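Worksheet: the structure to be examined is printed underneath.
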Amino acid sequence: MGSRTVGRGGRSLGGGLVVAVAGCLAGALTACGAGGGHGAVKPTASGAGAGASSAVAARGGTIGAPGSACRLPVTFALAKNWKPESTVPDSTGSPGSPGSTGSTGSTGSAAPDDDLAAEIADALLHQGPVTAVCEVDAKPAGHIGFLRVWTGEPGAADARSVLASFVGAEKGVAHATYRAFTTGGLSGTEVEYRVTSEILEETKTERALAVTTPDGPVVVHLGGLDDEEHRAMLPAYELAKSTLRVTAH
């Protein structure tokens, strides 16, 4: 049923996660799925063009550093008016509190429906080797889509392997084109690909990049409601990529 990620079509992984999961259970979302699966991915050699836009958006804030909306292994600039929100659960089990984890905080037994929703929500926050930790909403800037950040555990995997696993865990993927890039002392890989929604029977373009840091790999993903929205949001993605730096400790 499409991606493992809530909100490929513009829905949030953040505060509305439980509502989104309920919609997924009812079959109402266009981008829910119980499992990954390898699409017809056709990687190319590093350095092949991925058709990336060269335009860069006007700068707004910055995320990633301690005290920002999302604490991350990297920092990067946000496009003007784009709104970041952590998707890491806080002590009550709700997204929105950067860097915090814990139990649900409930004093009684959870209802079975709540337990099921929590299980599905947890699954939707993971794709391949990484977990969604932050989303930057484009709606305040007039677009329908998100720039999302995913992180993983430190290990030996390189950026290309992490990104290939991330893409391979999404259902309906085809025509993936990879290329290497460097920015701010970081070397990484980015990918542009097409993904088809089985529910809507529509295909659109998405792209993502991956870098590795001492604190683990980072994937930054740009989707969008459709190809038009995706193209309109590319300058925000390019801004993030060009300003990517390892977070200072």
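Here, residue 1 is the first one in the sequence, and each next residue gets the next number. Every value quoted in this text rests on a predicted model; they were computed, and no experiment measured them.
In this structure Ala208 satisfies the side-chain contact (heavy atoms from CB on, under 4.5 Å) test together with Leu163, Phe166, Val191, Val219, His221, sequence neighbours excluded. Partners of Thr203 according to the side-chain contact (heavy atoms from CB on, under 4.5 Å) rule, which considers only residues two or more places apart in sequence or in another chain, are Arg194, Thr196. Residues satisfying the side-chain contact (heavy atoms from CB on, under 4.5 Å) test with Glu202, not counting sequence neighbours, are Leu200.
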Which donor-acceptor pairs under 3.5 Å do side chains of residues 77-84 form with protein atoms, sequence neighbours excluded?
none

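Salt bridge status for Asp137 with Lys139: present, with a side-chain N to carboxylate O gap under 4.0 Å.
A distance of 13.0 Å separates CD in Glu238 from CE in Met233, rounded to the nearest 0.5 Å.
For the pair Thr183 and Phe76, the minimum side-chain heavy-atom distance is 4.5 Å or more. Under the 4.5 Å side-chain criterion, counting only non-hydrogen atoms from C-beta, Val218 is in contact with Thr151.
Side-chain atoms of Glu229 come within 3.5 Å of backbone atoms of Ile144 as a donor-acceptor pair (strictly under, hydrogens ignored). At distances below 3.5 Å, at least one donor-acceptor pair connects side-chain atoms of Thr247 with backbone N or O atoms of Leu72. No side-chain donor-acceptor contact under 3.5 Å links Thr213 to the backbone of Pro73.
Considering Lys204, His175, Arg207, Glu170 as possible partners of Tyr193, the one that fulfils the side chain to side chain donor-acceptor pair (under 3.5 Å) test is Glu170.
Screening residues 127-211 for disulfide (SG to SG under 2.5 Å) gives Cys70-Cys134 as the qualifying pairs, with residues at least two apart or on separate chains. Annotation: disulfide (SG to SG under 2.5 Å) contacts involving residues 166-249, sequence neighbours excluded, are absent.
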Test side-chain contact (heavy atoms from CB on, under 4.5 Å) applied to Arg148 and Thr87, step by step: CA-CA 10 Å; Arg148 290 196 171 98; Thr87 57; over 6 Å; no

